[in-house]
> 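Structure provided below as structure tokens; questions to follow.
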Amino acid sequence: LSLSLGITRAAGTTGTLGTSTVEVAGRNREVQAGRDAIIRVDGRELTRTTNTITDAIFGVTLNLQNAEPGTQVALTIRQDAEATTKAAEKLAESYNAVRLFFEEQREVTAPLYGNSDLRRVIGTFTNALRTSVSANATYSRLPTVGITLDRYGALSVDTAAFRGALGSNAAEVESLFGIGGVGDALIKAADGANAFGIGTISNQVRNIDSGTLSLRTKETRAQQRVETRRAQLVEQFSRMENALSKLKEQGKMFTGLNG
């Protein structure tokens with residue numbers, strides 16, 4: 001490290017003290033150079049730049065804690081039936097909330113009473129719940145895993161039946177809710193409803209905004225017509241007032257002649 005020092009004399013002139021150099025004594029010590037993480041999973045060697053590995057086993061995140069070459073770790077993966085069952089119950093709860101909103105809007109005084117788009121949106125969700133996965137031999141539809149719609153349209157979960165299906169054939173249950181199944185159909189139904197710019201809700205908002213603008217334009221034009229008519233009437237009554245005033249003066253004049 002080097003630096004130059006300057007001075008300013010009382011007379012106003014300047015000068016320099018020369019260049020000063022600073023050297024740091026010692027040595028650079030590196031305890032251990034960083035290296036990529038290397039693991040072998042089921043005979044397949046993986047090299048990653050992070051100790052958090054998400055692509056070694058599908059659906060499993062591995063967090064590497066230390067690096068002991070040659071160490072073998074037995075990994076046991078168990079199905080979390082409790083969490084999966086709660087997710088199914090949450091699905092039913094969310095659908096029923098949407099359904100309740102629809103029922104509330106069927107009241108004559110409700111803002112969306114008679115709205116056909118709302119009815120279509122609810123219909124797409126209901127149809128999604130009826131999705132069938134033909135590739136599944138046993139669990140191809142929601143009722144086969146204990147998830148059913150009652151006659152009032154409410155969705156319910158038979159937790160015992162659902163857990164039984166998980167224990168019997170978890171792969172088919174996963175397929176039922178996966179791509180091409182109920183979950184995929186629900187996502188598409190939701191996208192159709194709330195996709196920005198093209199979804200049903202966006203179209204409704206756009207129509208409402210357009211209708212509001214149209215009403216305001218009509219209101220402005222009506223106000224302009226009222227003001228124009230008012231000005232015309234004021235002018236006519238003013239002319240009438242002038243005519244009456246002249247008639248009155250003429251009447252006075254005739255009266256004077258008669259006298």
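Please read these numbers as outputs of a predicted model, since none were measured by experiment.
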> Using modelled atom types only, decide if a donor and an acceptor are shared between the side chain of E172 and the backbone of T138 within a distance under 3.5 Å.
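Looks like yes, one N/O pair under 3.5 Å.
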
> Assess whether side chain to side chain contact (heavy atoms under 4.5 Å, CB included) is satisfied between S168 and Y139, documenting all intermediate values.
CA-CA 10 Å; S168 174; Y139 304 112; 3.4 Å; yes

> Hey, mind stepping through I53 and I39 against side chain to side chain contact (heavy atoms under 4.5 Å, CB included) and telling me if it holds?
CA-CA 10 Å; I53 300 176; I39 63 171; 3.6 Å; yes

> First locate atom CD1 of I38, then atom OG1 of T47, and finally report the distance between them rounded to the nearest 0.5 Å.
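Output value for this atom pair is 4.5 Å.
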
> Whether the side chain of T228 engages the backbone of Q224 through a donor-acceptor N/O pair (distance < 3.5 Å, no angle test) should be reported.
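Yes, T228 side chain to Q224 backbone: donor-acceptor pair under 3.5 Å.
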
> Can you confirm whether E241 is buried at CD, in the sense that more than 12 heavy atoms of other residues, nucleotides or ligands lie under 6.0 Å from that atom?
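Result for CD/E241: open.
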
> More than 12 non-hydrogen atoms from neighbouring residues, nucleotides or ligands closer than 6.0 Å to CD on Q223, yes or no?
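Incorrect, the count does not exceed 12.
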
> How far apart are the closest heavy atoms of V157 and A88, and which atoms are they?
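Smallest heavy-atom distance, with atoms named: CG2-O, 3.7 Å.
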
> How long is the gap from CD1 on I122 to CZ on F125, to the nearest 0.5 Å?
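Here the rounded value is 7.0 Å.
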
> Return yes if some donor-acceptor pair links the side-chain N/O of E45 with the main-chain N/O of R40 below 3.5 Å, else return no.
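Checking the backbone N and O of R40 against the side chain of E45, no donor-acceptor pair under 3.5 Å is found.
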
> Are the side chains of F102 and V121 in contact, using a 4.5 Å heavy-atom criterion?
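The answer is no; the side chains never approach within 4.5 Å.
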
> Taking all non-hydrogen atoms of both residues, which atom of A165 and which atom of V145 are closest, and how far apart?
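Looks like CB-CG1, 3.8 Å.
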
> With no hydrogens and no angle check, do the side chains of T52 and N63 hold a donor and an acceptor under 3.5 Å apart?
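N63 and T52 do have a side-chain donor-acceptor pair below 3.5 Å.
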
> Take L176 and V182, measure what side chain to side chain contact (heavy atoms under 4.5 Å, CB included) needs, and give me the verdict at the end.
CA-CA 6 Å; L176 178 59; V182 174; 4.1 Å; yes

> If every non-hydrogen atom of G181 is compared with every non-hydrogen atom of V133, which pair is closest and at what distance?
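Heavy-atom minimum between the residues: CA-CG2, 3.8 Å.
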
> Specify the closest pair of heavy atoms between A56 and R44, including all atoms of both residues, with the distance to one decimal.
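Result for this residue pair: O-NH2, 3.0 Å.
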
> Measuring only between side-chain heavy atoms, which start at C-beta, is T148 closer than 4.5 Å to L155?
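T148 vs L155: side chains apart.
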
> Enumerate the salt bridge (charged side-chain N to carboxylate O under 4.0 Å, His left out) contacts for residues 145-164, please, sequence neighbours excluded, ordered by first and then second residue.
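As it turns out, the salt bridge (charged side-chain N to carboxylate O under 4.0 Å, His left out) pairs with a partner in residues 145-164, which skip direct neighbours, are E82-R163.
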
> Roughly how far, to the nearest 0.5 Å, is the CZ atom of R48 from the CG atom of L62?
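CZ of R48 is found 10.5 Å from CG of L62.
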
> Let me confirm one number: the OG-CG distance from S156 to L149, rounded to the nearest 0.5 Å.
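Atom-to-atom, S156:OG and L149:CG are 8.0 Å apart.
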
> Please tabulate, for side-chain N and O atoms in residues 184-191, each donor-acceptor pair with protein atoms closer than 3.5 Å (sequence neighbours left out).
residue, atom, partner, partner atom, Å
D184, OD2, G180, N, 3.1

> Return the OG1 to CD distance between T159 and E89, rounded to the nearest 0.5 Å.
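Between atom OG1 of T159 and atom CD of E89 there are 6.0 Å.
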
> Does Y113 sit in a hydrophobic cluster with other residues, and if so which ones, taking ILVMFWY side chains as linked at heavy-atom separations under 4.5 Å, directly or through other members?
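Result for Y113 is V108.
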
> Closest approach of L142 and L129, non-hydrogen atoms and distance?
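Heavy atoms only, the tightest pair is CD1-O, 3.4 Å.
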
> Hey, could you give me each pair passing side chain to side chain donor-acceptor pair (under 3.5 Å) that has a residue in residues 123-135? Not counting sequence neighbours.
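Matches after skipping sequence neighbours: Y95-T126.
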
> Treating Ile, Leu, Val, Met, Phe, Trp and Tyr as nodes and any side-chain heavy-atom pair under 4.5 angstrom as an edge, say whether L100 and V98 lie in one connected cluster.
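In one cluster: no.
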
> Please output the side-chain donor-acceptor pairs of residues 209-218 that fall under 3.5 Å, not counting sequence neighbours, one pair per line with the distance.
residue, atom, partner, partner atom, Å
T212, OG1, I208, O, 2.8
T217, OG1, L213, O, 2.8

> Of all the heavy-atom pairs spanning L64 and A37, show the shortest one and how long it is.
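Closest approach of L64 to A37, heavy atoms only: CD1-CB, 3.7 Å.
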
> Does atom CG (L233) have a neighbourhood of more than 12 heavy atoms from anything else shown, all under 6.0 Å?
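Atom CG in L233 is packed in, count exceeds 12.
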
> Can you list the residues that meet the side-chain hydrogen bond (donor to acceptor under 3.5 Å, both in side chains) rule with E219, with sequence neighbours excluded?
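Partners of E219 by the side-chain hydrogen bond (donor to acceptor under 3.5 Å, both in side chains) criterion come out as none, since no residue qualifies.
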
> Ignoring hydrogens and geometry, is there a side-chain-to-backbone donor-acceptor pair from S140 to N136 under 3.5 Å?
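Not a single qualifying donor-acceptor pair exists.
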
> Working to the nearest 0.5 Å, report the span between CG of L244 and CZ of R239.
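L244 CG to R239 CZ: 12.5 Å, rounded to 0.5 Å.
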
